[in-house]
*Asks:* 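For reference, the structure I am asking about is given below.
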Amino acid sequence: MLISASLPIVGPVEFVRAVRRMRAVPVLLGIDFGGDAEQALQALEAGATACVARPYRVPELLPLVQAAFRRQDGHRTVLTIGDVELDVTAYQVKVGGRVVHLPLREFELLHFLMRNADRTVTREQIMRNVWHSADGTSTNTIAVHVKRLRARLGDVEDTMIQTVRGVGYRLVTG
């Protein structure tokens with residue numbers, strides 16, 4: 001996706017954050033030549049794939065677009081851990097072959113935990129990567145979402161998604 005930094009209604013950083021909450025697609029941001037370097041930095045921190053100078057020059061833009069899509073194709077679209085299967089492109093989760101409907105935030109939380117399987121992720125990492133916020137999301141909100149996710153996955157004894165007290169959570173593969 002190629003967007004202009006001078007959007008009429010919403011700023012480019014907010015737009016990138018909104019896209020990141022919904023989809024994992026490459027986002028290239030067009031910045032006026034000699035444009036706002038701080039804005040470009042904020043967009044990259046929000047999840048933009050790259051910032052390119054306008055006016056666009058196709059010979060320079062084309063390799064960036066191709067590289068962004070190659071990286072995108074390199075990500076697995078179906079993650080499987082135990083009997084849990086998460087299809088990123090279809091936004092679908094199956095447990096033991098049965099489709100389990102998850103709200104978007106729980107889907108994103110499971111996706112983040114599966115990408116970091118067998119590693120402890122901190123609450124701050126979850127806030128940044130799932131809620132796309134460094135502040136404002138309480139650890140209680142995260143705990144409630146984890147509890148609901150466990151229930152939907154049938155993880156009644158908390159053996160799949162483990163709480164690491166005082167730190168965060170770990171999704172265990174074995």
Side-chain angles (χ1 to χ4, degrees), residues 1-3 10 12-29 43-50 65-174:
M1 172 180 302
L2 177 62
I3 63 166
V10 65
V13 174
E14 292 80 21
F15 182 82
V16 170
R17 284 191 184 118
V19 168
R20 283 287 165 253
R21 281 193 293 270
M22 309 264 299
R23 303 291 296 199
V25 296
V27 177
L28 301 175
L29 181 65
L44 290 168
E45 288 174 350
T49 306
V65 171
Q66 289 171 335
F69 279 101
R70 270 196 307 275
R71 280 194 303 273
Q72 182 73 12
D73 291 341
H75 293 303
R76 296 188 342 220
T77 58
V78 177
L79 301 173
T80 304
I81 295 178
D83 63 347
V84 177
E85 181 180 295
L86 182 140
D87 186 332
V88 177
T89 56
Y91 280 87
Q92 185 177 64
V93 173
K94 293 181 182 176
V95 177
R98 179 181 54 87
V99 174
V100 175
H101 298 284
L102 297 179
L104 181 60
R105 193 69 75 190
E106 289 174 30
F107 180 90
E108 290 178 341
L109 176 60
L110 179 60
H111 185 211
F112 181 70
L113 291 170
M114 289 179 81
R115 284 191 335 252
N116 292 284
D118 289 323
R119 288 184 279 196
T120 300
V121 292
T122 66
R123 289 176 183 86
E124 291 77 21
Q125 289 172 313
I126 292 170
M127 282 189 245
R128 249 191 336 271
N129 291 282
V130 177
W131 272 263
H132 305 286
S133 170
D135 56 348
T137 304
S138 76
T139 57
N140 187 49
T141 300
I142 295 169
V144 168
H145 279 79
V146 168
K147 181 179 179 178
R148 289 179 184 162
L149 180 59
R150 285 173 174 152
R152 292 180 205 278
L153 297 176
D155 185 21
V156 293
E157 296 182 19
D158 303 347
T159 55
M160 182 180 195
I161 301 174
Q162 297 177 345
T163 301
V164 180
R165 294 215 183 274
V167 179
Y169 298 92
R170 175 177 45 243
L171 188 137
V172 179
T173 60

*Asks:* Answer yes or no: is there a side-chain heavy-atom contact under 4.5 Å between V130 and R105?
*Replies:* yes
*Asks:* To the nearest 0.5 angstrom, please state how far the CG atom of D87 sits from the CG atom of L79.
*Replies:* 9.0 Å
*Asks:* Just do the side chain to side chain contact (heavy atoms under 4.5 Å, CB included) check on H111 and V88 with the steps written out, would you?
*Replies:* CA-CA 8 Å; H111 185 211; V88 177; 3.5 Å; yes
*Asks:* So how far is it from R119 CZ to Q125 CD, rounded to the nearest 0.5 Å?
*Replies:* 9.0 Å
*Asks:* Can you name the salt bridge (charged side-chain N to carboxylate O under 4.0 Å, His left out) partners of E85, sequence neighbours left out?
*Replies:* none
*Asks:* Measure the shortest side-chain to side-chain distance between I126 and V146 over non-hydrogen atoms and say whether it is less than 4.5 angstrom.
*Replies:* no
*Asks:* With rounding to the nearest 0.5 angstrom, report the CZ to CG distance, R150 to L110.
*Replies:* 12.5 Å
*Asks:* Can you confirm whether L171 sits close enough to N116 that some side-chain heavy atom of one is under 4.5 Å from a side-chain heavy atom of the other?
*Replies:* no
*Asks:* Within the 4.5 Å heavy-atom criterion, are H145 and T141 side-chain neighbours or not?
*Replies:* yes
*Asks:* Are R170 and D118 ion-paired here, with the side-chain N under 4.0 Å from a carboxylate O?
*Replies:* no
*Asks:* Taking all non-hydrogen atoms of both residues, which atom of I81 and which atom of M160 are closest, and how far apart?
*Replies:* O-CE, 4.2 Å
*Asks:* What's the spacing between Y169 OH and I161 CD1 if we round to 0.5 Å?
*Replies:* 9.5 Å
*Asks:* Does the side chain to side chain contact (heavy atoms under 4.5 Å, CB included) test come out yes or no for L102 and L149, once each step is laid out?
*Replies:* CA-CA 8 Å; L102 297 179; L149 180 59; 4.0 Å; yes
*Asks:* Is there a side-chain contact between T163 and D158 (heavy atoms, below 4.5 Å)?
*Replies:* no
*Asks:* So do the side chains of V99 and Q92 get within less than 4.5 Å of each other, counting heavy atoms only?
*Replies:* yes
*Asks:* Got a second to check how far Q162's CD is from L113's CG, nearest 0.5 Å?
*Replies:* 11.5 Å
*Asks:* Of the non-hydrogen atoms in V172 and T159, which two are nearest, and what is the gap between them?
*Replies:* CB-O, 3.9 Å
*Asks:* Can you check side chain to side chain contact (heavy atoms under 4.5 Å, CB included) on M127 and I142, steps first, answer last?
*Replies:* CA-CA 8 Å; M127 282 189 245; I142 295 169; 3.6 Å; yes
*Asks:* With rounding to the nearest 0.5 Å, note down the distance linking CZ in R123 to CG in N140.
*Replies:* 10.5 Å
*Asks:* Please state whether the rings of F107 and Y91 are parallel, tilted or perpendicular, taking 30° and 60° as the class boundaries.
*Replies:* tilted
*Asks:* Can you confirm whether R152 sits close enough to P103 that some side-chain heavy atom of one is under 4.5 Å from a side-chain heavy atom of the other?
*Replies:* yes
*Asks:* Is there a side-chain contact between M114 and L109, using heavy atoms and a 4.5 Å cut-off?
*Replies:* no
